[in-house]
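Some notes on the structure that comes next.
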Amino acid sequence: MTAVDGVDWEALREAARDAMSRAYVPYSKYPVGAAALVDDGRTVSGCNVENASYGLSLCAECGLVSALHATGGGRLTHFTCVDGAGQTLMPCGRCRQLLYEFGGPELLLETSTGVRTLGEMLPDAFGPQHLA
Ligand SMILES: O=c1ccn([C@H]2C[C@H](O)[C@@H](CO)O2)c(=O)[nH]1
Ligand SMILES: [Zn+2]
């Protein structure tokens, strides 16, 4: 995938691969890296971090959301996620919800079937608007 609305998806994928190189995956052996652009131009990223109590493992998107806030907050505009085979990963259901909080339905995600909005991938999402 190349430029969509002027965004350098390859640079974003490279940031995701860089984060993936620090994944902690002794159990699944399935490293994941995620990266996103923030509306102020920053790039934030994360990798998966597993746990001996398997269910406590953190997806790469969890680290990304934490990094977003640890480095100043803002809104996510563009997102990509890669695995160790170099394939684009579809975020799991929990991570779609995590991303929705900070990107909303307009967040653009690079997926295995092209660039799509989070609204397409998590329709009728529950979100902050329901608590307003
Ligand atoms: O959206 C996803 C889906 C899975 N994983 C990780 C969790 C676990 O460490 C490994 C295998 O499920 O992949 C992510 O980081 N993000
Ligand atoms: Zn996940």
Side-chain angles (χ1 to χ4, degrees):
M1 251 153 282
T2 51
V4 172
D5 67 6
V7 163
D8 188 348
W9 288 98
E10 176 49 31
L12 205 54
R13 276 195 297 276
E14 180 54 31
R17 284 191 291 266
D18 180 59
M20 184 180 68
S21 72
R22 290 181 289 281
Y24 174 74
V25 288
Y27 309 109
S28 74
K29 316 263 197 270
Y30 186 79
V32 177
L37 293 179
V38 185
D39 59 357
D40 65 2
R42 273 156 49 233
T43 298
V44 292
S45 62
C47 60
N48 52 340
V49 178
E50 298 185 342
N51 192 282
S53 179
Y54 298 166
L56 299 183
S57 295
L58 304 175
C59 285
E61 296 89 332
C62 298
L64 181 150
V65 162
S66 180
L68 171 70
H69 271 268
T71 62
R75 299 289 296 172
L76 302 174
T77 61
H78 299 76
F79 171 91
T80 194
C81 196
V82 297
D83 68 16
Q87 297 298 306
T88 303
L89 193 89
M90 301 294 267
C92 79
R94 180 174 187 270
C95 287
R96 293 179 198 198
Q97 182 72 37
L98 283 177
L99 293 170
Y100 188 84
E101 183 80 13
F102 303 106
E106 305 308 322
L107 173 63
L108 292 174
L109 297 94
E110 185 182 44
T111 76
S112 50
T113 54
V115 175
R116 294 162 64 184
T117 66
L118 185 54
E120 287 176 75
M121 293 172 59
L122 189 68
D124 304 321
F126 180 82
Q129 70 275 17
H130 294 105
L131 301 176

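Positions are given from 1 along the sequence. Atoms within a ligand are numbered from 1 in the order they appear, just like the ligands themselves.
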ask   = Out of A23, P26, P31, C59, whose heavy atom sits nearest atom 4 (C) of ligand 1?
value = C59

query = Of Y30, Y54, Y27, Y24, which has the heavy atom at the shortest distance from atom 11 (C) of ligand 1?
reply = Y30

remark   = Rounded to the nearest 0.5 Å, the CD atom of E61 sits from the SG atom of C47 at a distance of 11.0 Å

query = To the nearest 0.5 Å, what is the distance between OH (Y30) and CG (D83)?
reply = 3.5 Å

Output yes when the distance from some N or O of ligand 1 to some N or O of [X] is under 3.5 Å, and no in every other case.
| X | result |
| --- | --- |
| E61 | yes |
| A60 | yes |
| L89 | no |

Protein contact for atom 1 (O) of ligand 1 (heavy atom, distance under 4.0 Å) = yes

Answer yes if [X] and [Y] sit in the same cluster of Ile, Leu, Val, Met, Phe, Trp and Tyr residues linked by side chain heavy atoms under 4.5 Å apart, and no otherwise.
| X | Y | value |
| --- | --- | --- |
| L37 | L107 | no |
| V65 | V44 | yes |
| L99 | L122 | yes |

ask   = Is ligand 1 less than 4.0 angstrom away from at least one heavy atom of P91?
value = yes

task = Under 2.8 Å from the Zn ion (ligand 2), which protein N, O or S atoms are there? Could you list them by chain and number?
result = C59 SG, C92 SG, C95 SG

task = Specify the protein heavy atom at minimum distance from atom 6 (C) of ligand 1: its residue, its atom name, and the distance to 0.1 Å.
result = N48 ND2, 3.5 Å

query = Nearest to atom 8 (C) of ligand 1, what protein heavy atom do you find, and at what distance?
reply = E50 OE2, 3.4 Å

query = Among side-chain atoms of N48 and Y24, is any donor-acceptor pair under 3.5 angstrom?
reply = no

ask   = With a 4.5 Å limit on heavy-atom distance, are the side chains of T111 and M121 in contact?
value = yes

ask   = Quick one: does R17's side chain get under 4.5 Å of V82's, heavy atoms only?
value = yes

Salt-bridge contact E50-K29 (side-chain N to carboxylate O under 4.0 Å) = no

ask   = With a 4.0 Å cut-off, would you call R13 and E110 a salt bridge?
value = yes

